Amino acid sequence: MTSLSKLRSLAPFLSKTYDLVEESRDSNDVVSWNEEGSGFVVWSPEEFSRFVLPRYFKHCNFSSFIRQLNTYGFKKASPDRWEFRHEKFQKGKRCLLSDITRRRCKPSVFPSFLRAREKKSSAAEINENEMLEQNKMLQKENEELRSQIAYYGELETSLQKLLSQYVCSR
Amino acid sequence: MTSLSKLRSLAPFLSKTYDLVEESRDSNDVVSWNEEGSGFVVWSPEEFSRFVLPRYFKHCNFSSFIRQLNTYGFKKASPDRWEFRHEKFQKGKRCLLSDITRRRCKPSVFPSFLRAREKKSSAAEINENEMLEQNKMLQKENEELRSQIAYYGELETSLQKLLSQYVCSR
Amino acid sequence: MTSLSKLRSLAPFLSKTYDLVEESRDSNDVVSWNEEGSGFVVWSPEEFSRFVLPRYFKHCNFSSFIRQLNTYGFKKASPDRWEFRHEKFQKGKRCLLSDITRRRCKPSVFPSFLRAREKKSSAAEINENEMLEQNKMLQKENEELRSQIAYYGELETSLQKLLSQYVCSR
DNA sequence: AACGTTCTAGAATATTCGTAA
DNA sequence: ATTACGAATATTCTAGAACGT
């Protein structure tokens with residue numbers, strides 16, 4: 001776990017957002033942790049946009065801030081207030097931040113990419129020491145992981161169909 | 001859907017850059033058109049970065065400005081001064097700007113490691129110990145990934161049960 | 001390998017950069033070690049380019065200096081200031097500099113057979129490079145896999161909601 | 001060959017805008 | 001109206017490539 005967090009560099013947005021919430025912990029009235037420390041609440045979007053955002057980012061738009069939150073998997077927690085949550089964004093647990101991943105493109109194109117893969121056999125001629133052996137194994141493992149995820153990609157498709165039917169038929 | 005070039009909206013960067021050069025036409029000494037009007041010269045990168053850039057963009061970095069110029073196909077015209085040219089960026093011919101196209105980044109389906117697999121590019125020279133460390137961490141990462149996928153495997157099983165019940169009960 | 005690193009002659013760029021930081025330690029606030037001595041900060045790129053660079057190199061371009069830093073594996077440490085770090089570039093430990101290696105250019109395909117004859121003793125080094133390359137790719141692949149799995153994690157969340165609704169509404 | 005300087009491009013994150021669910 | 005997402009542009013950091021020494 002700790003080794004994982006070393007490989008992945010923490011996105012500036014995450015550390016800044018954490019700082020931003022932490023800093024306002026006492027002065028409270030603009031942004032703060034929620035009651036359980038499982039998320040944060042922007043109490044005054046106007047003041048937040050005008051005074052807090054520009055100190056951390058290159059803009060003053062609340063909507064841009066929200067777009068970033070969504071990009072990193074945060075969800076709006078309540079229709080009644082600007083509260084956002086992420087499983088790995090918790091009061092007092094800054095170390096969890098490195099488990100938050102930025103979302104990329106949809107994996108729906110995944111299978112095509114799998115088909116496109118071809119092996120390059122160049123390294124076969126070279127003498128193999130332990131590390132080369134390890135790398136080969138890692139590559140195979142990754143291949144396996146990819147195919148499994150591709151499977152879930154298809155699963156997702158069929159699930160979406162089923163669920164949409166369900167929603168429509170209510 | 002009449003004319004493509006008219007439909008194509010002018011990139012903010014281009015109009016801003018044009019404005020920026022035009023505006024400084026008289027006050028001159030920071031940035032101006034070149035002698036023939038076929039390009040522009042930044043005479044003082046320091047003042048340009050500090051005073052001009054922030055009035056048009058969200059940063060003060062000369063390098064970021066240059067990156068944008070290259071993205072839109074501008075070329076540095078002389079090794080001796082910061083002069084940039086583009087065939088469609090000319091003094092008094094603002095209408096030509098709409099012919100300048102942004103260079104598209106490669107469609108990122110699964111780009112990075114696919115392309116990396118094909119080329120034998122230069123690698124950082126790290127000592128064997130570090131490499132061993134990296135391999136260890138990679139192995140741990142794979143373990144982690146495997147367990148996560150296993151979790152979704154179980155998830156899928158229970159989902160299948162639930163969904164089959166649903167389908168059968170309709 | 002340790003004996004090799006001692007034989008390896010220190011690149012001029014590295015010793016010059018070290019000198020440059022050391023020299024400015026007391027004098028002024030243009031460039032200095034960071035707080036922990038684990039890197040250095042260029043406080044004023046303008047003055048640095050104009051006054052410091054030409055005393056050590058043949059140019060006055062901050063970007064060229066940065067290009068060299070990257071060539072030798074330095075990383076920018078903070079988005080907020082021009083701080084660069086390298087594991088082997090530390091205050092008071094000049095001897096570590098010899099462990100810093102320049103990243104090699106990609107050997108062109110053409111003269112490869114020419115270089116092949118002089119390869120007898122450096123075969124291990126080639127293997128090392130290829131392995132490093134593979135490690136890089138593996139890291140990227142893992143990153144991709146992580147984000148994919150994150151996607152399915154979110155998928156699961158929404159599915160759970162839907163399904164719980166379904167169960168409750170029956 | 002190895003290193004240095006310059007110019008351009010790759011790749012990742014950030015910001016904006018529109019729109020689908 | 002609300003919420004989240006796709007996609008285009010913008011900004012940042014690093015690397016490729018060409019050329020000269």
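Source: prediction; values computed, not measured. So that the names make sense, note that chain A is the first sequence line, chain B the second, and so on, each numbered from 1. In what follows, every heavy atom counts, from backbone to side chain, and hydrogens, waters and symmetry copies are set aside.
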Partners passing salt bridge (charged side-chain N to carboxylate O under 4.0 Å, His left out) against B:Arg81 (at least two apart in sequence or in another chain): B:Glu35, B:Glu83
Ring center gap for B:Tyr56 and B:Phe13 short of 6.0 angstrom: no
Nearest-Å distance for atom pair CZ/C1', residues C:Phe62 and E:dT12: 14 Å
Euclidean distance, atom NZ of residue A:Lys16 to atom P of E:dT11 [Å, nearest integer]: 14 Å
Spacing between C:Trp82 atom CH2 and E:dT14 atom C1', to the nearest angstrom: 12 Å
Test of ring centre spacing under 6.0 Å for B:Phe40 and B:Trp82: no
Atom-to-atom span, CZ of B:Arg103 to C1' of D:dA11 - whole angstrom: 17 Å
The single option from C:Leu69, C:Leu96, C:Thr17 passing side-chain contact (heavy atoms from CB on, under 4.5 Å) against C:Phe89: C:Thr17
Euclidean distance, atom CZ of residue A:Phe74 to atom P of E:dA4 [Å, nearest integer]: 12 Å
Whole-Å gap separating P (D:dT6) and CD1 (C:Ile66): 13 Å
Whole angstrom value for the distance that separates C1' of D:dT5 from CG of C:Leu69: 14 Å
Sidechain N-carboxylate O distance under 4.0 Å for A:Glu22, A:Arg94: no
Rounded interatomic separation in angstrom, taking NZ from A:Lys76 and P from E:dT3: 4 Å
Residues B:Thr71 and B:Arg67: side-chain donor-acceptor under 3.5 angstrom: yes
Sugar-phosphate or base contact per nucleotide [nucleotides 14-21 of chain D; S, B, -; heavy atom under 4.0 Å]: BBBB----
